[in-house]
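Here's the structure we're looking at; comments come further down.
Just so it is clear: chains get the letters A, B, ... in the order the sequence lines come, proteins before strands, and each one is counted from 1.
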Amino acid sequence: MSRRVVSPLDPPKGTDAYERIYDVVRAIPEGRVATYGQVAALAGLKGHARQVGYALHALDDDDVPWQRVVNAKGEISARSDPGSEPLQRVMLEDEGVVFDERGRISLSRFRWDP
DNA sequence: GGTCTGACTAGGT
DNA sequence: AACCTAGCCAGAC
């Protein structure tokens with residue numbers, strides 16, 4: 001698994017937690033989204049939603065559809081690198097995900113229900 | 001070890 | 001529905 005190393009959000013290289021997170025994200029179908037908390041729970045890391053965010057931040061792997069992970073409000077979370085926010089939106093729209101006028105996704109319509 | 005930070009969340013106002 | 005707060009946890013220094 002390739003990663004980009006970005007302090008202070010470096011992945012814990014000695015654990016497999018991030019690999020489990022990536023596995024879950026890879027399972028999200030095209031055109032659907034999941035929340036950080038949902039991914040954490042499915043990865044066996046219930047309550048570690050922030051870890052999911054860090055894992056995705058550290059990610060540098062085209063295999064992982066990171067754009068399908070959004071926050072509990074159905075919006076794209078702000079991050080240290082603001083450039084990827086509009087990119088995420090475009091990628092999701094290309095998959096058929098619809099944003100409302102406030103830039104939010106209807107989780108009742110697009111949330112992945114595994 | 002204490003402190004600070006961050007792609008988070010749930011609950012109260 | 002928007003805003004605020006406390007709780008959360010692993011890493012870096």
### Query
Atom NE2 of A:H48 to atom P of B:dA7: distance rounded to whole Å?
18 Å
### Query
What nucleotide among B:dT9, C:dC9, C:dA2 has an atom nearest to a side-chain atom of A:Q51?
C:dC9
### Message
Nearest to the A:R50 side chain among B:dA7, B:dT9, C:dC8, which nucleotide is it?
### Response
C:dC8
### Query
Hey, does A:A78 reach any base, or is it just sugar-phosphate, or nothing, if we go heavy atoms under 4.0 Å?
sugar-phosphate
### Query
About how many Å separate CD of A:E95 and CD1 of A:I28, when rounded to the nearest 0.5 Å?
9.5 Å
### Query
What nucleic acid atoms does A:E85 come within less than 4.0 Å of, heavy atoms only: base, sugar-phosphate, or nothing?
nothing
### Task
Using a cut-off of strictly less than 4.0 Å, decide whether A:R104 has a side-chain nitrogen or oxygen near OP1 or OP2 of C:dA2.
yes
### Message
I'd like to know if A:R26 and A:D23 make a salt bridge, using a cut-off of under 4.0 Å between side-chain N and carboxylate O.
### Response
yes
### Query
Within this structure, what is the CD-to-C1' distance between A:Q38 and B:dA7, rounded to whole angstrom?
16 Å
### Message
Test side chain to side chain contact (heavy atoms under 4.5 Å, CB included) on A:R68 and A:R32; report intermediate values, then the result.
### Response
CA-CA 7 Å; A:R68 294 177 192 150; A:R32 311 302 296 283; over 6 Å; no
### Message
Please report the distance, rounded to the nearest Å, between CD1 in A:I21 and P in B:dA7.
### Response
14 Å
Show the atom names and distances, to 0.1 Å, of all donor-acceptor pairs under 3.5 Å that link a side chain in residues 42-50 of chain A to residues at least two apart or in another chain.
none

### Query
Over how many whole Å does the gap from A:K46 atom NZ to B:dC8 atom C1' extend?
15 Å
### Summary
Here the distance between atom P of C:dA1 and atom CD of A:E101, to the nearest Å, is 11 Å
### Summary
To the nearest 0.5 Å, atom OG of A:S84 lies from atom CE of A:M91 at 10.0 Å
### Message
Please determine whether a side-chain nitrogen or oxygen atom of A:S80 lies at a distance below 4.0 Å from atom OP1 or OP2 of B:dA7.
### Response
yes
### Message
Nearest whole Å is fine: how far is B:dA7 C1' from A:W66 CH2?
### Response
10 Å
### Task
Considering only atom P, compute the distance from C:dG7 to B:dA7 and round it to an integer number of Å.
22 Å
### Task
Measure from CZ on A:R79 to P on B:dC8 and round the result to the nearest Å.
8 Å
#### Entry: Cluster companions of A:I76 among Ile, Leu, Val, Met, Phe, Trp, Tyr (side-chain spacing under 4.5 Å)
A:V33, A:V70, A:L92, A:V97, A:V98, A:F99, A:I105, A:L107, A:F110
### Query
Using a heavy-atom distance cut-off of less than 4.0 Å, which residues of residues 106-114 of chain A contact DNA chain B?
none
### Message
Under 4.0 Å, heavy atoms only, any strand: does A:G37 hit a base, just the sugar-phosphate, or nothing?
### Response
sugar-phosphate
### Query
For A:R102 and C:dA2, what is the distance between atoms CZ and C1' respectively, to the nearest whole Å?
9 Å
### Query
How close do A:A55 and A:Y22 get, heavy atom to heavy atom, and via which atoms?
O-OH, 2.7 Å
### A:T35 side chain, from C-beta outward: closest of C:dA10, B:dA7, B:dT9
B:dT9
